[in-house]
Amino acid sequence: MTGAEQREHARWLVSESRAIAVLTGAGVSAESGVPTFRGAGGLWRGRSAMDLATPEAFRRDPSEVWEFYHARLMGLRDVAPNEGHRALAVLEASRERFWLLTQNVDGLHRQAGSANVIELHGTIRTARCSRCARSLPISEALRGWTPGAVPACETCSAPMRPDVVWFGETLPEPALRQAEEAITHCDLMLVAGTSGVVQPAAAFAFHARARGARVIEVNPEETPISAIADVSLRGPSAHELPELLGEQERARLNPHTEDD
Ligand code: BV8
Ligand code: ZN
């Protein structure tokens, strides 16, 4: 199939679907200016997230891990959702059953208006205590922070940590349950912006396929998920995702054009 035929088929699959599960990764935030993990901008001081986003790194040198997250938060200050994020929010509003499973921790799906967002790997917007249940906006935990410091819990004085899931940590039970529900009940899984290497999230597409769901992939590059996709749209998500919307949905994407 040509690119245009692929897109036409993908649009038809979306229009026929009554229960859509979406799985997103760092690629959907790329056009908002957020570096992906395995792309060029994915390193920090020459280190990869794989080295720093781990409980071992935090035990070994919590101040360095906080510098890593502080740098990422600084990088999110002027970042806004893009057309791809917004297209998913519009698609959700037009479906009875819709789950947005995201591996991203940047909070951009919620900012774009998505409601049923399942943050599989947590969120960088919150800090939580490494010992007790205390949690608060990460901007508050970082008030007065300087490089080398480790924010301490005001309740039990243990080190605070970003409320993300590190490599080697299990995903939150509620997120896993919602992912199970999405995989079981969706008739379409739309996978956008993920290299499909991090488990167990990457396996969700395979499980949905095995249950008979159709799979659409949006990624400029081929990934392990391409092998089971009914359609792979080889383009950037900020362009490809709005193209999947029907006429009426697209009008809601840019409401001002309706009146033009
Ligand atoms: C766990 C939060 C139980 C932190 C992250 C099998 C089963 C279970 C676990 C494992 C397993 N095998 C290995 C493991 C261990 C590990 C794992 O998967 N390792 C991999 C690397 C081999 N998994 C875990 O540890 C998970 N825990 O399962 O617990 C357990 C525990 C121990 C042992 C066994 C079982 C926890 C994983 C969560 C880690 N935390 N993030 C933080 O962010 O700081 S993961 C991190 O990677 C981000 O969440 C990110 O989203 C995620 C995945 O990466 P992608 O999103 O795919 O991003 P990437 O850069 O890779 O790719 C971007 C893609 O976008 C590319 O394909 C590119 O082509 C595309 N793109 C670029 N531009 C665009 C675009 N697409 C569209 N439009 C564009 N414009
Ligand atoms: Zn505490």
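Numbering of ligands and ligand atoms starts at 1, following listing order. One is the number of the first residue; the rest follow in order along the sequence.
Atoms of ligand 1 lying under 4.0 Å from any heavy atom of Y69, numbered from 1 in the order shown and given with element: 4 (C), 42 (C), 44 (O). The P236 neighbourhood of ligand 1 comprises atoms 78 (N), 79 (C), 80 (N), with distances under 4.0 Å to a heavy atom of that residue. Near G25, meaning under 4.0 Å from one of its heavy atoms, ligand 1 places the atoms 56 (O). Residue contact check: N104 has heavy atoms under 4.0 Å from atoms 51 (O) of ligand 1.
Among all non-hydrogen protein atoms, the one lying nearest atom 16 (C) of ligand 1 is F167 CD2, 3.9 Å. Distance from atom 50 (C) of ligand 1 to its nearest protein heavy atom, with residue and atom name: F37 CE1, 3.5 Å. Among all protein heavy atoms, the one lying closest to atom 78 (N) of ligand 1 is S237 N, 2.9 Å. The shortest contact between atom 47 (O) of ligand 1 and any protein heavy atom is with V198 CG2, 3.6 Å. For atom 28 (O) of ligand 1, the closest heavy atom belonging to the protein is P200 CD, 3.4 Å. With respect to atom 25 (O) of ligand 1, the closest heavy atom belonging to the protein is G168 N, 2.7 Å. The protein heavy atom nearest to atom 63 (C) of ligand 1 is G193 O, 3.7 Å. With hydrogens left out, the protein atom closest to atom 3 (C) of ligand 1 is T170 CG2, 3.7 Å, a heavy atom.
With distances taken over non-hydrogen atoms, the option nearest atom 39 (C) of ligand 1 out of D163, V105, V165, N219 is V165. By heavy-atom distance, the residue among Q103, E169, M50 lying nearest atom 29 (O) of ligand 1 is E169. Atom 43 (O) of ligand 1 has its nearest heavy-atom neighbour, among R72, Q199, H121, in R72. Of all the listed residues (P220, G84, A30), P220 holds the heavy atom that lies closest to atom 75 (C) of ligand 1. Across the listed options A192, G122, G27, G27 owns the non-hydrogen atom lying nearest to atom 79 (C) of ligand 1.
Here M160 contributes atom CE and C132 contributes atom SG; the two are 7.5 Å apart, rounded to the nearest 0.5 Å. In this structure, Q103 CD and L120 CG are separated by 6.5 Å, a value rounded to the nearest 0.5 Å. The distance from the CH2 atom of W145 to the CD atom of E67 is 5.0 Å, given to the nearest 0.5 Å. With values rounded to the nearest 0.5 angstrom, L188 atom CG is found 14.0 Å from R97 atom CZ. To the nearest 0.5 Å, atom CG of residue L101 and atom CD of residue E181 are 10.0 Å apart. Annotation: the span from R11 atom CZ to L245 atom CG amounts to 9.0 Å, rounded to 0.5 Å.
Between Y69 and W166, the ring planes are tilted. Angles from 30° to 60° get that label. Using the six-membered ring where Trp is involved, F204 and H207 have ring planes that are tilted, between 30° and 60° apart.
At a threshold of 4.5 Å between non-hydrogen side-chain atoms, the residues F167 and V198 count as touching.
For atom 35 (C) of ligand 1, no protein non-hydrogen atom is found at a distance below 4.0 Å. Protein heavy atoms come within 4.0 Å of atom 21 (C) of ligand 1. At a distance under 4.0 Å, no protein heavy atom can be found next to atom 14 (C) of ligand 1.
Protein atoms of type N, O or S found under 2.8 Å from the Zn ion (ligand 2) total 4.
Exactly one residue among S237, S232, P236 makes a side-chain contact (heavy atoms from CB on, under 4.5 Å) with V218. That residue is S237.
Backbone and side-chain nitrogen or oxygen atoms of L171 are examined, and none is located within less than 3.5 angstrom of a nitrogen or oxygen of ligand 1. In terms of polar-atom proximity, defined here as any N/O pair under 3.5 Å, A26 does make such a contact with ligand 1. Ligand 1 has a nitrogen or oxygen under 3.5 angstrom from a nitrogen or oxygen of R38.
Atom CD of Q199 has more than 12 heavy atoms from other residues, nucleotides or ligands within 6.0 Å. Other residues, nucleotides and ligands place no more than 12 heavy atoms under 6.0 Å from the CD atom of E154.
For the residue pair D187 and S17, a side-chain donor N or O sits within less than 3.5 Å of a side-chain acceptor on the partner. A donor-acceptor contact under 3.5 angstrom links the side chains of S226 and R234, judged on distance only.
Clustering ILVMFWY residues whenever any of their side-chain heavy atoms sit less than 4.5 angstrom apart, transitively, puts L52 in the very cluster that holds F58. Hydrophobic clustering (ILVMFWY, side-chain heavy atoms < 4.5 Å, transitive): L171 and F206 are in one cluster.
For A49, the heavy-atom gap to ligand 1 stays at 4.0 angstrom or more. Residue contact check for ligand 1: V28 places no non-hydrogen atom closer than 4.0 Å to it.
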_Working note: E180 + R177, criterion salt bridge (charged side-chain N to carboxylate O under 4.0 Å, His left out); need CA distance, chi angles, decisive distance, verdict._
CA-CA 5 Å; E180 185 59 29; R177 268 199 305 280; over 6 Å; no

*Test log, rule side-chain contact (heavy atoms from CB on, under 4.5 Å), inputs R72 and V105*: CA-CA 11 Å; R72 284 177 58 195; V105 298; 3.6 Å; yes

